[in-house]
Amino acid sequence: AAVSLEGGVKGGKVQFPFSVGLAPVEGLEVGVSGTVTDKPDASQLYEKVSVNYSQSGFGAFIGLSKNFAALEARGIYKVNDDTKVAIKAADVLKGAPELTVGAEYKVDGETTAKVVVAQKDLGIKAGVKKTLSKGVDLTVGYAVKAADLADVSKHSVGFTLECK
């Protein structure tokens, strides 16, 4: 079991964000989170509800948010020690969900490559993360929408250097 409670005044408003998580059996986690304000309301106690299951290289997540008005589902599968694939369906309750598909491949002990494609705008994102030394990671990323492939000015390349 885990409980997180914060509190304070943000933007002149009293807010107490919280989350509660339980793992009743191995591989299964359930959680509830919300934000209690200075005008308490029962709906603040279940702004997000989630169920997560993971075991033997397979994982699934179902999350309800906005007081049960929005549903998101995710699945991940570990193909082998080097490769993972994942899919996310957002806005499931609105009819046709928006899908995002991704894959991650461990090139070697210090290098990981990722690719993500989003259905919404056919956005393509790719990145390579390289551990330069203990606690120092360099990530080079690339992003473009499929409709903009022919326009080089709309391609984005960037990097992040993370020192821990």
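We're numbering straight along the sequence, starting at 1. Below, all heavy atoms of this structure are taken into account, side chains as well, without hydrogens, waters or symmetry copies.
Residues Leu138 and Phe159 form a side-chain contact, since some pair of their non-hydrogen atoms from C-beta on lies under 4.5 Å apart. By the 4.5 Å heavy-atom criterion applied to side chains, Ile76 and Lys84 are counted as neighbours. The closest side-chain heavy-atom distance from Thr100 to Val117 is not below 4.5 Å. Thr37 has its side chain within reach of Gln44: a pair of non-hydrogen atoms, C-beta onward, lies under 4.5 Å apart. The shortest side-chain heavy-atom distance between Tyr142 and Lys125 does not fall under the 4.5 Å cut-off. Side-chain contact between Val128 and Thr139 is absent, with no heavy atoms from C-beta onward closer than 4.5 Å. By the 4.5 Å heavy-atom criterion applied to side chains, Leu161 and Val136 are counted as neighbours. Side-chain contact between Tyr105 and Val115 is absent, with no heavy-atom pair separated by less than 4.5 Å.
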- request: With side-chain contact (heavy atoms from CB on, under 4.5 Å) as the test, would you mind laying out the steps for Val79 and Val85 before giving the verdict?
  value: CA-CA 7 Å; Val79 177; Val85 294; 4.3 Å; yes
Pair Phe16-Glu6, side-chain contact (heavy atoms from CB on, under 4.5 Å): steps then yes or no: CA-CA 5 Å; Phe16 289 94; Glu6 298 176 17; over 6 Å; no
task: Dump the intermediate steps for side-chain contact (heavy atoms from CB on, under 4.5 Å) on Glu29 and Leu22, then the final yes or no.
output: CA-CA 6 Å; Glu29 297 174 2; Leu22 298 170; over 6 Å; no
field: Evaluation steps, side-chain contact (heavy atoms from CB on, under 4.5 Å), between Leu28 and Val51
entry: CA-CA 7 Å; Leu28 179 65; Val51 177; 3.9 Å; yes
task: Could you go through the salt bridge (Lys or Arg N to Asp or Glu O under 4.0 Å) check for Arg74 and Glu72 one step at a time?
output: CA-CA 7 Å; Arg74 297 187 297 237; Glu72 178 180 303; 2.7 Å; yes
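Among all heavy-atom pairs drawn from Asn80 and Asp82, the shortest one is OD1-N, 2.8 Å. When every heavy atom of Glu104 is checked against every heavy atom of Thr112, the shortest pair comes out as CG-CG2, 3.4 Å. Nearest approach of Ser153 to Asp151, heavy atoms of both residues: OG-OD1, 2.6 Å. Between Gly34 and Glu47, the shortest heavy-atom distance links the atoms CA-OE1, 3.3 Å. Contact between Lys129 and Asp137 at its shortest, heavy atoms only, is CE-OD2, 3.4 Å. The two atoms that bring Pro97 and Gln119 nearest to each other are O-OE1, 3.3 Å, heavy atoms only.
Residue Ile124 holds its CD1 atom at 7.5 Å from CG of Leu122, rounded to the nearest 0.5 Å.
Each of Val36, Thr35, Asp38 was compared with Gln15 under the side-chain contact (heavy atoms from CB on, under 4.5 Å) criterion, and only Thr35 meets it.
There is a side-chain donor-acceptor pair under 3.5 Å between Lys130 and Thr111.
Under a hydrophobic-cluster definition in which Ile, Leu, Val, Met, Phe, Trp and Tyr are linked whenever side-chain heavy atoms come within less than 4.5 Å, directly or via other members, Val101 and Val116 are assigned to different clusters. Tyr53 and Val49 end up in different hydrophobic clusters when Ile, Leu, Val, Met, Phe, Trp and Tyr side chains are linked at under 4.5 Å. No chain of hydrophobic side-chain contacts below 4.5 Å, direct or via other Ile, Leu, Val, Met, Phe, Trp or Tyr residues, connects Leu71 to Phe61.
Taking a 6.0 Å sphere around CD1 of Ile62, one finds it holds 12 or fewer heavy atoms contributed by other residues, nucleotides or ligands. Heavy atoms from other residues, nucleotides or ligands lying under 6.0 Å from CD of Gln55 number more than 12.
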